[in-house]
J.: 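Before I ask anything, let me first share the structure, which is written out below as structure tokens.
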Amino acid sequence: MKERKKWIDVARGLSIILVVMGHAGNDVINHYLGWFRMPLFFLVSGLLFKEVPAGTYWHWAWRRVRFFMIPYCAYGICIALLVAVRLRDPMSIPHDLLLLAYGGTVLGGWYGVFWFITCLLVVHLLMGYLSRFSLKTAAIAVAVCYAAAHVVSMSPMAKWDIPWNADVALMAIVFFFLGYAGKTMLPGLLERGTAFIPSLMVWFIAAGLNIGGLWQLRIDMKAKLYNQPVLDFIVPVACVLVVLQLCYWLSRYKAANVLAFLGTVTIAIMYLHVPINIVLEYGLGLKYGTLVFTAVGVIIPLGIGWLMSQSALLTKLFLEPSGFGRRKDKPVAQQQAPAGG
């Protein structure tokens with residue numbers, strides 16, 4: 001895949017909308033979105049990942065840390081200041097900054113999405129190391145990670161607050177690796193559309209059994225809730241293939257340009273949709289449902305992102321390296337926003 005395809009940005013755009021929707025507080029919607037929302041993001045990120053030569057790994061790793069952690073710190077500090085104003089307690093700032101440094105499951109509320117950034121960073125570092133080996137060797141290592149993830153999830157270790165949600169990376173790297181290993185095969189599969197009907201049938205059967213109360217599948221990656229080792233792989237992959245196929249077909253139409261654009265500006269939406277809705281709902285007392293929550297969580301961060309893009313300093317801190325949207329004159333390797341790759 002020598003150039004970034006429109007359907008990938010469409011998938012990223014849809015992914016960020018689903019992430020926002022999943023935080024609206026609707027338990028039913030969140031239950032079913034949990035099956036594929038984060039696996040989709042990790043798999044698409046894997047599609048954009050490139051092999052890291054062994055000799056350049058540590059230099060590359062340091063650049064990855066900066067890539068992810070500069071916006072993490074910038075948004076985290078700003079939100080900590082906002083929380084202190086809301087609570088009228090300046091001492092909440094050092095407390096929140098310590099929690100941000102630890103990361104992972106100790107973060108919630110205003111910082112509820114920050115776990116994903118550090119988890120994705122850990123996945124990048126792991127995959128960057130594994131990419132020096134053959135796909136077969138890497139696949140074996142990823143299979144071991146998948147088994148270890150379920151050992152963690154199905155034991156008291158699931159309650160441990162591991163820094164940066166690094167233990168969730170054991171599960172996340174599976175979907176990331178599928179994207180990385182399948183980047184040459186997947187476009188052809190989507191062009192033919194042969195996986196759509198079988199994958200849709202798996203999704204419908206799983207949903208039907210859940211709705212009928214005959215079987216329950218719940219996946220929550222942040223909470224390390226994945227305790228059905230076979231189905232935790234089959235159902236998310238089937239759902240992701242359905243979504244990717246729809247995005248592939250949709251990308252042929254101009255109407256998809258909106259989603260494709262959102263796919264290039266995910267970072268501001270990822271970090272800001274929760275605090276903005278908290279301010280509106282609890283600060284100003286506004287009450288609204290899932291659709292308004294989603295629209296607010298997408299549109300207002302977009303506006304803030306555009307305003308920040310007018311400043312070189314703010315762009316560097318909050319939006320780098322892609323700025324506001326993907327710049328056509330930059331190499332693909334420099335165009336991956338932290339929220340998705």
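The structure presented is a predicted model; accordingly, all values stated were derived computationally and were not measured. Both backbone and side-chain heavy atoms feed into the values below; hydrogens, waters and symmetry mates do not.
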J.: Taking T56 for the side chain and H59 for the main chain, is one N or O donor matched with an acceptor at less than 3.5 Å?
T.: no

J.: Under the criterion ring-ring contact (aromatic ring centres under 6.0 Å, His included), which of Y111, F67, F114 is the partner of Y72?
T.: F114

J.: Looking at Y102, I want to see if its OH is surrounded by more than 12 non-hydrogen atoms of other residues, nucleotides or ligands under 6.0 Å.
T.: yes

J.: Will you find, in the side chains of N30 and H23, an N or O donor that is under 3.5 Å from an N or O acceptor?
T.: no

J.: Quick check: do F261 and T264 have side-chain heavy atoms less than 4.5 Å from each other?
T.: yes

J.: Can you confirm whether the side chains of E191 and Y248 place a donor and an acceptor under 3.5 Å from each other?
T.: yes

J.: Just distance, no hydrogens or angles: give the donor-acceptor pairs under 3.5 Å from side chains in residues 279-302, sequence neighbours left out.
T.:
residue: Y288; atom: OH; partner: N277; partner atom: OD1; Å: 2.6
residue: T294; atom: OG1; partner: T290; partner atom: O; Å: 2.8

J.: Could you tell me whether the side chain of V19 reaches within less than 4.5 Å of the side chain of L33, counting heavy atoms only?
T.: no

J.: Evaluate Q216 against H31 for side chain to side chain contact (heavy atoms under 4.5 Å, CB included), listing each step before the verdict.
T.: CA-CA 10 Å; Q216 286 294 314; H31 174 82; 3.9 Å; yes

J.: Do F42 and L178 come within less than 4.5 Å of each other through their side chains, counting heavy atoms only?
T.: no

J.: Under 6.0 Å between ring centres, would you say that holds for F41 and F175?
T.: no

J.: Tell me whether S311 contacts the main-chain N or O of M308 through its side chain, where contact means a donor paired with an acceptor under 3.5 Å.
T.: no

J.: Looking at N26 and I29, would you say the former's side chain and the latter's main chain have a donor-acceptor pair under 3.5 Å?
T.: yes

J.: Please tell me if the side chains of H150 and K224 come closer than 4.5 Å, counting only heavy atoms from C-beta onward.
T.: no

J.: Contact between Y129 and F133 at the side-chain level, heavy atoms closer than 4.5 Å - yes or no?
T.: yes

J.: Answer yes if the ring centres of F68 and W164 are under 6.0 angstrom apart, and no otherwise.
T.: no

J.: Decide yes or no for M154 and P229: does some side-chain heavy atom of the first lie under 4.5 Å from some side-chain heavy atom of the second?
T.: yes

J.: Is the backbone N or O of V113 less than 3.5 Å from a side-chain atom of K222, with the two atoms forming a donor-acceptor pair by type?
T.: no

J.: Would you say the side chain of F36 lies within less than 4.5 Å of the side chain of W203, judging by non-hydrogen atoms?
T.: yes

J.: Between the main-chain N or O of I16 and the side-chain N or O of T266, is there a donor-acceptor pair closer than 3.5 Å?
T.: no

